[in-house]
Protein chains: 2
Amino acid sequence: MSTPPAFKRLPRAVREQQMLDAAVKVFSRRGFHAASMDEIAEDAGISKPMVYAYLGTKEELFVACLHREGTRMMQAIAGAAAPDLPADERLWRGLRAFFGFVGAHRDGWAVLYRQARGEQPFAGELATMRARLVEVVAGMLDHALRAEGREIAAIDLEVVAYALVGATESLADWLADHPEADPERTATRMMNVAWLGAGQLLHGVTWRPPAD
Amino acid sequence: MSTPPAFKRLPRAVREQQMLDAAVKVFSRRGFHAASMDEIAEDAGISKPMVYAYLGTKEELFVACLHREGTRMMQAIAGAAAPDLPADERLWRGLRAFFGFVGAHRDGWAVLYRQARGEQPFAGELATMRARLVEVVAGMLDHALRAEGREIAAIDLEVVAYALVGATESLADWLADHPEADPERTATRMMNVAWLGAGQLLHGVTWRPPAD
DNA sequence: GCGTAACCCTACGCACGAGTAGGTATGCTC
DNA sequence: GAGCATACCTACTCGTGCGTAGGGTTACGC
């Protein structure tokens, strides 16, 4: 008998999720380096060796967090923006899903993302994810352009897509820092900037530097 | 007599700059945490206690780096974009100066910037700088709007400005990672996205979400 | 030429936190 | 109810790197 253990034994799959939840929370509050495995373990209501047994080293744990959150986000977006819709509709639904996701996982996503940019071991991981997004956006632009019988250099396409993705990430940061803000409205604002700007380009309007 | 010291004694002001140069270099290569004070000292051709004597702790040193680079950048921009020019001209010159600066300080600026976002002690510092930029951009938009007799809510203005600044930072990252790219061309591309998109807004064109 | 202040060094203390060794209890199978 | 795998723990080791103590040497004023 003796005193029953303060908390129950749980199957591995459950504990792993609890640990990941705790890890995301602590990493986002403290940053990768300042976060300690002890604090993560404590927050998960478990002892440190368990974390090592299930999720491996600190780096591996962080990567696991990145993967889980990244996959969730990608699924949210992909599920909303079906590829057979017209470009503006796709863009709109994708943006709405994206900002909705960020709004629902404010501290989790935003800070994880901010973290990963800085730390070299993970920056690559992130860059790959972003590159995929850029490619999708560039593809949408290209598609819309061809539909209008126009065409611009691939590099310009990529850079414009890059700028749009950057603007979106930036607004996501803003959203994460403004809990009172509405994700839907933010998506609308972004759609305005993106679609109007891109729309001009699509119609062949360009700005040229003055000769000075 | 004895062997003359391998390298000369130098006045404080000079050594401080050498240390800052080294610190920027090492911080940007390794990241804030992975950078060691020993490596910075060695790279500056000096011993560690000197660094502590002149620039203080690691955090203070990093802040000093941020300040120097940030001030340089702000001056480059402010010097180019005189406030009495028309809005499009100001925007163009500001962008050109900005990308020119990033191009000239690629590893220094970009990675310092990427670093500071993630580490909590410095994120605030950076956010302040960005907020100033956003305010300037928002002011330009507002000015241009009023000149056309139009007006939009301050919050929308701020968000659009935020998106533009985000897009610009994103392209700066891209530029820092593409050494072969031309800052001037990048500025032109950004100007296209920004001015065309903003121009639409200025003329009262807006996008509205479909009722679904 | 002598004090004093600025410049600079070698060598260490010490805390913090990642990762582990080795052992205990619980439940499941047959 | 014996055996065994799985869940879980306390209590350590040990490297790494920040920050400093304490002491030398060169220049400069007077």
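Here is how names work: the chains are called A, B, and so on, in the same order as the sequence lines, proteins then strands, and each is numbered from 1. All figures in this text were calculated on a predicted structure; none of them were measured in a lab.
- For the residue pair A:Gln18/A:Arg15, the side-chain donor-acceptor check at 3.5 Å is satisfied.
- The listed nucleotides are D:dC8, D:dG19, C:dC8; the one nearest the side chain of B:Leu10 is C:dC8.
- Residues B:Ala161 and B:Val134 come closest through the heavy atom pair CB-O, 3.7 Å.
- What separates CZ of A:Arg12 from P of C:dG27 is a distance of 19 Å, to the nearest Å.
- Between A:Arg15 and D:dC8 there is a side-chain polar atom (N or O) within less than 4.0 angstrom of OP1 or OP2.
- Residues from residues 33-43 of chain B with heavy atoms under 4.0 angstrom of DNA chain C: there are none.
- Of all nucleotides listed (D:dC9, C:dG19, D:dC18), D:dC9 comes nearest to the side chain of A:Ile46.
- In this structure a side-chain-to-backbone donor-acceptor pair under 3.5 Å is missing from A:Glu89 to A:Asp84.
- Of the possible polar contacts, one joining the A:Arg106 side chain to the A:Gly103 backbone as a donor-acceptor pair under 3.5 Å is found.
- Using modelled atom types, one side-chain atom of A:Lys58 and one backbone atom of A:His33 make a donor-acceptor pair closer than 3.5 Å.
- Nearest nucleotide to the side chain of A:Lys58, out of D:dT20, C:dG19, D:dC9: C:dG19.
- When the nearest nucleotides of DNA chain D are assigned to A:Tyr54 and A:Lys48 by heavy-atom distance, the more 5′-ward of the two goes with A:Tyr54.
- Between the side chain of B:Arg9 and the base of C:dA6 there is at least one donor-acceptor pair of N/O atoms closer than 3.5 Å.
- Here the P atom of nucleotide C:dG23 and the CE atom of A:Met50 are 17 Å apart, to the nearest Å.
- Judged by distance alone, the side chain of B:Glu39 and the main-chain N or O of B:Ser36 form no donor-acceptor pair under 3.5 Å.
- Look at CE on A:Met19: it is 10 Å from P on D:dA7, rounded to the nearest Å.
- Side-chain proximity of B:Tyr52 to the nucleotides C:dC8, D:dT20, D:dC9 is greatest for D:dT20.
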